[in-house]
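Notes to accompany the following structure.
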Protein chains: 2
Amino acid sequence: MAKRTETAGRLDDAARAGWLYYVAGRTQDEIASTMGISRQSAQRLVSLAVAERLIKVRLDHPIAECLELGEQLRKKFGLVHVDIVPSDPGSSSTTIGIAEAGAAEIERWLKKSEPIVLAVGTGRTLKAAIDQLPTMECPQHRIMSLTGNIGPDGSAAYYNVIFSMADAVKARHYPMPLPVLVSSIEERDLLHKQSLVQSTLQLGRQADVAFVGIGELGADAPLCLDGFLDPEEMARLMEDGAAGEICGWMFDRDGKLLDGSINERVASVPLPPRETTTVIGLAKGKRKYLALLAALRGRMINGVITDEATARYLLSA
Amino acid sequence: MAKRTETAGRLDDAARAGWLYYVAGRTQDEIASTMGISRQSAQRLVSLAVAERLIKVRLDHPIAECLELGEQLRKKFGLVHVDIVPSDPGSSSTTIGIAEAGAAEIERWLKKSEPIVLAVGTGRTLKAAIDQLPTMECPQHRIMSLTGNIGPDGSAAYYNVIFSMADAVKARHYPMPLPVLVSSIEERDLLHKQSLVQSTLQLGRQADVAFVGIGELGADAPLCLDGFLDPEEMARLMEDGAAGEICGWMFDRDGKLLDGSINERVASVPLPPRETTTVIGLAKGKRKYLALLAALRGRMINGVITDEATARYLLSA
DNA sequence: TCTGTTTGTGGGTAATTGCTCATGAGCGAA
DNA sequence: TTCGCTCATGAGCAATTACCCACAAACAGA
């Protein structure tokens, strides 16, 4: 009993010290002298007050909610980068907010003075982000494309982002003069033997950061719309358990790459190793929920930029 | 962020930095590197977040001594609400601690789901409390001002709180477009006949809770500083036994409203009946000792938020 | 009473933070 | 266009705080 009251008394002191420190804004020296203890003890009381959660701090700003969700996402999926932007329920855009936040993050990386290798995938979301980039001079960096930029008909694919990006930020850039999907594993190996492609492939392994879109599947998936897959193939893939794709790499609901022949025909650079590379996925919206969740589950990506509504879904799943 | 010079964007960044610092417990160096800015900028954002009152700190622990004092005060004056915060002997602020505790109590009332009528007085202490309120959505409640918000020169009085409050908590609000003191009883009656004022007057009678400051008298009393009374009038009032005022209503050392003509010129809403309304006075500090004691003695208020030192005085008196 | 353990204390020191100053970019007025 | 103003920035430095360590007091069990 004596011990109980003593502990309570100590908590009281902690509360008092914490109050003086955080609310009244005094220094620990002042607290020590008013409470008649040493400065070190005052410091201990203050940190005890924090540890015992006697001190509640809160942020009164709309962003607070996003940061909170982000922190939970980070823990749940072991992410190294999270950015949650506010949802705008009134907008039907699939990129609003994500694009700006993605551009900000890309810019942050490009601002570094030491040289980095920045990899990009493709897709509408990523294109929108690139369009938000300011013009910069980054001769120290190299940017490379993880995916081919040739359409199934031989033309340049619509959402090839590497050239738009190189246009905005002046840096050496390494495109992939290939289609995303080729007809066979032999063709892929043949194409990958080109020296130009070889150097890009190697660059992919040493990328510091990669920004990728998350492709959902279905009849109106990007891969179908852009003509890489016809609806029957897509339907077959989905029957085989495909849940989404990143740079063409198909994965199932657990974020494992599919074993079937489809991934043997993907001519993209393998996703950089998540142990050494920050691979940031950009996606939001109901249509991407399943694909994004799978990618996170399987650690295909270790960073994400999304919106509040999507973050809530990912947390509840 | 393409446009980094935007003020709103800067506040967003400040919120981010403040959250990372206070909630996530990161150092400013870490914040700087994750946000891609220099440490100094991070420090500035954190202090900006504090300066803009985005960060609200609160102590959530009943300090035994304060509880004890509060209980004694409750018994002695028959109070329905008591809140004692620690004293900071080194601070000259007249609102530190009281403001935060007042805001917490106001918030507690506003969180109720059933609609309430919340009345506020005016004064520096109350203004400081309002400034600590988080933004809330409270369309179910009505907040009303017990006192006029027009200065003696026709301008808006400095410490008018109702608009600041309505700004933070979105609720219907009913100001008093009158001065605190008018020139005669006839003028007051005339002004009170306005329909707008009529509805506010009626609302005052049905208030569920009222938060009021306690005005001390003297040459540097708020009423003098704000120009409602000149020093001679003040001196005369004090000779007549005035000890303090709440919303302009003058009372003597026993907390009885003064009979003299002064109270006939007060245009404020009568204090809500203490039988049905919780009227909470916020005050601390030597200068308010007498006025607060008188208000408690006369049951002008049946709730109080003050500090340890003041509570001790009130108990010893 | 002795002994091992827990808990608090003060000293010392490295890390962190707050502040001031000089600089330069951005912007509106002349 | 140029001037003057404001404001954000980064550097350096001083103040403040956090952490580590050894020691002492309190305490429980033998």
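In the text below, chain A, chain B and the rest are named by the order of the sequence lines, each starting its count at 1.
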Salt bridge (Lys or Arg N to Asp or Glu O under 4.0 Å) evaluation trace for B/Arg124 with B/Asp226
CA-CA 11 Å; B/Arg124 288 148 179 83; B/Asp226 295 344; 3.3 Å; yes
[N] [atom2] sits how many Å from [X] [atom1], rounded?
| X | N | atom1 | atom2 | result |
| --- | --- | --- | --- | --- |
| A/Tyr22 | D/dT16 | OH | P | 16 Å |
| A/Ile37 | C/dT7 | CD1 | P | 19 Å |
| B/Arg26 | D/dA18 | CZ | P | 17 Å |
| A/Gln43 | D/dC20 | CD | P | 11 Å |
| A/Arg39 | C/dT9 | CZ | P | 14 Å |
| A/Leu45 | C/dT7 | CG | P | 16 Å |
| B/Leu11 | D/dA8 | CG | C1' | 15 Å |
| A/Asp13 | C/dT7 | CG | P | 17 Å |

Quick one: the side chain of B/Arg44 and the base of C/dG18, do they pair up donor-acceptor inside 3.5 Å?
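Per atom types, no contact qualifies.
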Tell me whether the OP1 or OP2 atom of [N] has a side-chain N or O from [X] closer than 4.0 Å.
| X | N | result |
| --- | --- | --- |
| A/Gln28 | D/dA15 | no |
| A/Tyr21 | D/dT16 | no |
| A/Ser41 | C/dG8 | no |
| A/Ser38 | C/dG10 | yes |

Heavy atoms from other residues, nucleotides or ligands near [atom1] of [X] exceed 12 (cutoff 6.0 Å):
| X | atom1 | result |
| --- | --- | --- |
| A/Lys170 | NZ | yes |
| B/Lys286 | NZ | no |
| A/Lys76 | NZ | yes |

Closer than 4.0 angstrom, basic N to acidic O: yes or no for A/Arg16 and B/Glu308?
yes
What's A/Gln40 touching, base or sugar-phosphate or nothing? Going by heavy atoms closer than 4.0 Å.
base
